[in-house]
Amino acid sequence: MKASIQQDVSAVLSAMEQDGVRAISPDVVTQEVIDGYGVHDSQDPRYQTAMYDYVRRMVSSMFNRYKASAQTDDEVDGQLVLPGYKRLQRRYLVHEGTESLAVRVEEMTDEQLLEKAVELRQMGAGCFQHAREIDRYMSERAEQIA
C-alpha cells in the first residue's frame with residue numbers, strides 16, 4: 001500500500017508541475033490522493049482520520065525534497081533542478097501564512113530567493129564549523145593517546 005500511495009503522490013505532484021501550479025500545498029496533494037481512494041464521509045471517521053494522517057505524513061516526507069540542502073553533486077536529484085543549473089531547484093519550500101508550500105522558483109520574489117540563499121550560506125558555515133570540530137576532536141584525542 002505504501003508504494004502505491006507514494007506513486008499516487010508522485011503522480012499528483014507531477015501533474016501539478018506539468019500544469020505549472022505556482023505553489024503546491026501539501027493539504028491539496030493529500031486531499032487529491034485521498035479522493036482518488038474514495039475515502040468519503042460515509043466511511044468510519046476513524047478510518048478517514050487514519051488514512052488522512054498516513055497520506056499526509058507521506059506527502060510531508062516527499063515535500064522534504066524541496067528543502068534547500070547541502071547535497072553533494074552525486075546526491076542531487078536532476079529532476080528537481082532547473083535546466084541550465086547544477087543546484088538551483090525548480091521549487092523551494094516557502095512559508096506562506098501557517099503553511100509550507102512548494103513554490104516555483106520563477107514565482108518566488110527576490111526576497112524569498114535571498115532568504116533561501118542566506119539559509120544555504122548559514123548551512124554551509126555550520127557544516128564547515130562541524131568539520132573543523134571533528135578535526136579538532138581527532139587531534140585532541142590523538143594527543144591524549146600519545
Side-chain angles (χ1 to χ4, degrees), residues 1-140:
M1 181 167 177
K2 180 180 178 181
S4 174
I5 292 175
Q6 283 178 325
Q7 289 172 345
D8 294 339
V9 171
S10 288
V12 169
L13 288 171
S14 293
M16 290 180 155
E17 285 283 346
Q18 290 174 356
D19 291 343
V21 174
R22 177 197 166 269
I24 299 175
S25 163
D27 290 334
V28 171
V29 173
T30 300
Q31 194 59 54
E32 282 198 33
V33 170
I34 286 175
D35 290 349
Y37 279 91
V39 177
H40 47 79
D41 293 339
S42 65
Q43 291 176 314
D44 182 344
R46 292 174 297 179
Y47 174 76
Q48 290 178 42
T49 300
M51 183 68 165
Y52 184 88
D53 289 346
Y54 182 76
V55 172
R56 182 67 162 93
R57 281 194 308 275
M58 193 159 303
V59 168
S60 293
S61 73
M62 292 179 78
F63 260 60
N64 284 337
R65 69 186 189 159
Y66 295 117
K67 284 185 179 177
S69 65
Q71 298 171 319
T72 61
D73 285 340
D74 58 340
E75 295 173 324
V76 174
D77 182 347
Q79 294 179 344
L80 296 178
V81 176
L82 197 64
Y85 294 88
K86 287 187 168 189
R87 302 245 178 213
L88 184 65
Q89 294 177 192
R90 292 176 187 266
R91 291 183 182 271
Y92 287 97
L93 286 183
V94 174
H95 300 288
E96 291 186 2
T98 60
E99 193 170 27
S100 289
L101 304 170
V103 178
R104 293 177 58 199
V105 70
E106 298 94 340
E107 303 283 336
M108 292 173 68
T109 64
D110 285 350
E111 182 179 294
Q112 290 170 322
L113 288 168
L114 285 171
E115 286 176 15
K116 287 297 165 193
V118 166
E119 180 183 332
L120 287 162
R121 285 185 182 98
Q122 289 172 341
M123 191 182 308
C127 288
F128 281 115
Q129 179 182 5
H130 193 163
R132 285 190 301 271
E133 288 181 2
I134 288 173
D135 292 340
R136 188 182 102 211
Y137 174 79
M138 290 187 323
S139 176
E140 291 171 356

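For reference, positions follow the sequence shown, starting with 1. Since the structure is predicted, the reported quantities are computational estimates derived from the model, not experimental observations.
Using a 4.5 Å cut-off on side-chain heavy atoms (C-beta onward), Glu32 and Asp8 make no contact. Residues Val94 and Leu101 fail the side-chain proximity criterion, which asks for heavy atoms closer than 4.5 Å. At least one side-chain heavy atom of Glu133 sits under 4.5 Å from a side-chain heavy atom of Gln129. Side-chain contact check for Tyr52 versus Gln31: some heavy-atom pair is nearer than 4.5 Å. Proximity of Met51 to Gln48: side-chain heavy atoms (C-beta onward) are nowhere separated by under 4.5 Å. Contact annotation: the side chain of Leu80 approaches that of Arg65 to within less than 4.5 Å [non-hydrogen atoms, C-beta and beyond].
The environment of Glu106 atom CD is dense: over 12 non-hydrogen atoms of other residues, nucleotides or ligands sit within 6.0 angstrom.
Between the side chain of Asp19 and the main chain of Val21, no donor-acceptor pair closer than 3.5 Å is present. Judged by distance alone, the side chain of Glu99 and the main-chain N or O of Glu96 form no donor-acceptor pair under 3.5 Å. The closest donor-acceptor contact from the side chain of Thr49 to the backbone of Arg46 lies at 3.5 Å or more, if one exists at all. Without hydrogens or angle criteria, Ser139 side chain to Asp135 main chain gives no donor-acceptor distance under 3.5 Å. Looking at Arg91, its side chain never comes within 3.5 Å of a backbone N or O of Val105 through a donor-acceptor pair.
Heavy atoms only, all atoms of each residue included: Ala23 and Val103 are closest at CB-CG2, 3.8 Å. Between Phe63 and Ser25, the closest heavy-atom pair is CZ-C, 4.0 Å.
Atom-to-atom distance recorded for Thr109:OG1 and Leu114:CG is 8.0 Å, nearest 0.5 angstrom. Once rounded to the nearest 0.5 Å, the distance linking CZ of Arg104 with CG of Leu82 reads 9.5 Å.
Using a 4.0 Å cut-off between charged side-chain N and carboxylate O, Glu119 and Lys116 make a salt bridge.
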| task | Could you please spell out the steps behind the side chain to side chain contact (heavy atoms under 4.5 Å, CB included) verdict for Val29 and Met62? | result | CA-CA 11 Å; Val29 173; Met62 292 179 78; over 6 Å; no
